[in-house]
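Below: the structure, in structure tokens.
Numbered from 1 within each chain, the chains take letters A, B, ... in sequence-line order. Because the structure is a prediction, the values reported are computed rather than measured.
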Amino acid sequence: MTEEANKATSTSTPARTRYAPSPTGNPHIGNIRTAIFAYLWAKHTGGQFILRIEDTDRKRLVEGSLDNIKESLSWLGLDWDEGPDKGGPFGPYVQSERLDRFQAVARQVIEEGKAYYCYCTPERLDAVNKAKQAAKQAPGYDRHCRNLSEEEKQAALAEGIKPTVRFKVPLEGSTTVNDLIVKPLTVENSTIQDAVILKSDGYPTYHLAHLVDDHDMQVTHVIRGQEWLPSAPLHVMIYQALGWEIPVLIHVPVILNPPGQKGKLSKRDNAVSVSQYRELGYLPEALLNFLVLLGWSYDDHTEFFTKQDLVEKFEVSRIQPTPAKFNIEKLDWINAHYINHVLDVEDFARRCLPFLAEAGVISPEEAQDPGDKWPFIRAACALVKDKVKVLSEVPQEIDFIFKPAAALEYPAKDLVGKNESPAAAAGVLEAAINFLKEVPDEVYNDREALLSGLSDISENKLKLTNRGMMFWPPRVALSGRTKSPDLMAMIIALGRDETVQRLELARQSLLNQS
RNA sequence: GGCGCAUUCGUCUAGCGGCCUAGGACGCAUCCCUCUCAAGGAUGAGAUCACGGGUUCGAAUCCCGUAUGCGCUACCA
């Protein structure tokens, strides 16, 4: 590692990083991952993470975006130290509220002869582009206004044209961009356009705005998407023109579509926003864990990281320069791991509440405050905690618990299962009913005791050849399905009355059948 | 079209010149556990490190070309 890189990744100086989205809708999961990297690096070094809103394109604003952005970050646990409506020493943190500053900087560079007013109309720009393309030249601005005479300027102003401001790119030499994860990039200055830095409506473009703000807000590491790499040389030139120190640049690769699909992760066939994953039943800790591992690794074997682990172990230099494909199967695995092995029953059940309400299994009021029903709901959720991948699967897995016994619908032949005849299955049910009716509460509510009690009936009383024959009919009778949660757990969760009633109902239907 | 970045099992990755006959994980297959489904445990298939040239005693690791992928080429970010 070079000395410069060493300094850039040093943890002895607190880093100031930022997430600077445009309020143009729900933030894309790829941008969110970039935000995660920026957050982790700031926290790892004991620095600050800044949220800044880049709303300089008035045409693309989408109502409610800011709330979406804030909610996405909050849900994932990415709290920002400075930002809109939170404030901070370098506010405001919304670019449309900083116009004076951008315009002042633009004026300054013009006065220093490093930028100029451009009076070209969109029509002329378009014509120039077309002409260049027809001549098989690279498209771009022809620098027509770069050396306008005083008369020409006056004439344009007299016409009422509102000029833009363009940066005067040096005609000769080359510019080098140093990036922490991508190799140094050197380009000939002659290939760079005189980009617009201030639009005719008085708003800055990204090139000016982000740079001024990063400088003013003392951002030390610019962590952004790789789509910015081609314009990074321009940014370096502007920094140099301004005489400002260039922050450490880190261009993070994009996230690609899953195997089989081409291109960047797109919403056509995939969920691309944090809120979508939330609705699909993914846990924030799992999404965070997964996203971080998409393009970053700690070592050759660690897969699970809490936010705390990540803050401790995250290194920007270990971000992969290669775009990664989004692989939902791994996300599922990670999510299942958190549900099955990290969450406790109480926590899990609480997180299931909104999904149960959404599916109509419980009422919205109960989801808000389950009250007396909480132990029952919790027990129901506990039944499937170890088999579910996402929270949204829970309702369909346990709705049978909430239905009245008579509402369970299933083919009577399912009850027979491994038994030879409906009569045999009915016999099993009868024995189970008799047992469960009479057993004392301590036994009824003890999983192990129930198991041995039923096993005893199977082996000694009914002389069945395997336990499956004993457990199958009650399983179907209680759940109405052939794939169900643990039998003992269902018996306990349903309670004695409901259990016996369901078993009895099933027994009757078998008797009618035979 | 031009410019740029990238390239290790299907996927995410470890690897920063000899420890690599390339390691881990997801997924897949088989087996074990077992009252169904999961979970868990074990085993296995799966990459001549995109391809072709160099450099070197020695290359997945360095250099150059080609191919492929991705990005940029706006008064959008």
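A salt bridge links Lys330(A) to Glu303(A): at least one charged side-chain nitrogen sits closer than 4.0 Å to a carboxylate oxygen.
If you check every strand for non-hydrogen atoms under 4.0 Å, Ala138(A) touches nothing. Nucleic acid contact for His341(A): sugar-phosphate only, since backbone atoms but no base atoms lie under 4.0 Å from a heavy atom of the residue. In this structure, Ser484(A) reaches the bases: a heavy-atom distance under 4.0 Å links it to at least one base atom across the strands shown.
A close approach under 4.0 Å does occur between a side-chain nitrogen or oxygen of Lys199(A) and OP1 or OP2 of A77(B). For A38(B), the OP1/OP2 oxygens have no side-chain nitrogen or oxygen of Lys483(A) closer than 4.0 Å. Phosphate proximity of C72(B) to Arg224(A): absent, as no side-chain N or O sits under 4.0 Å from OP1 or OP2.
Across all strands shown, A42(B) forms a Watson-Crick or G-U wobble pair, both distances under 3.5 Å, with U30(B). Nucleotide A60(B) forms no Watson-Crick or G-U wobble pair with any nucleotide shown, as no partner meets the under 3.5 Å limit on both distances. With both pairing distances under 3.5 Å, U48(B) is matched to nothing as a Watson-Crick or G-U wobble pair.
Summarising the geometry, the separation between CD1 on Ile255(A) and P on G71(B) is reported as 13 Å, rounded to the nearest angstrom.
Across the C1' atoms, U34(B) and A38(B) are found 11 Å apart, a figure rounded to whole Å.
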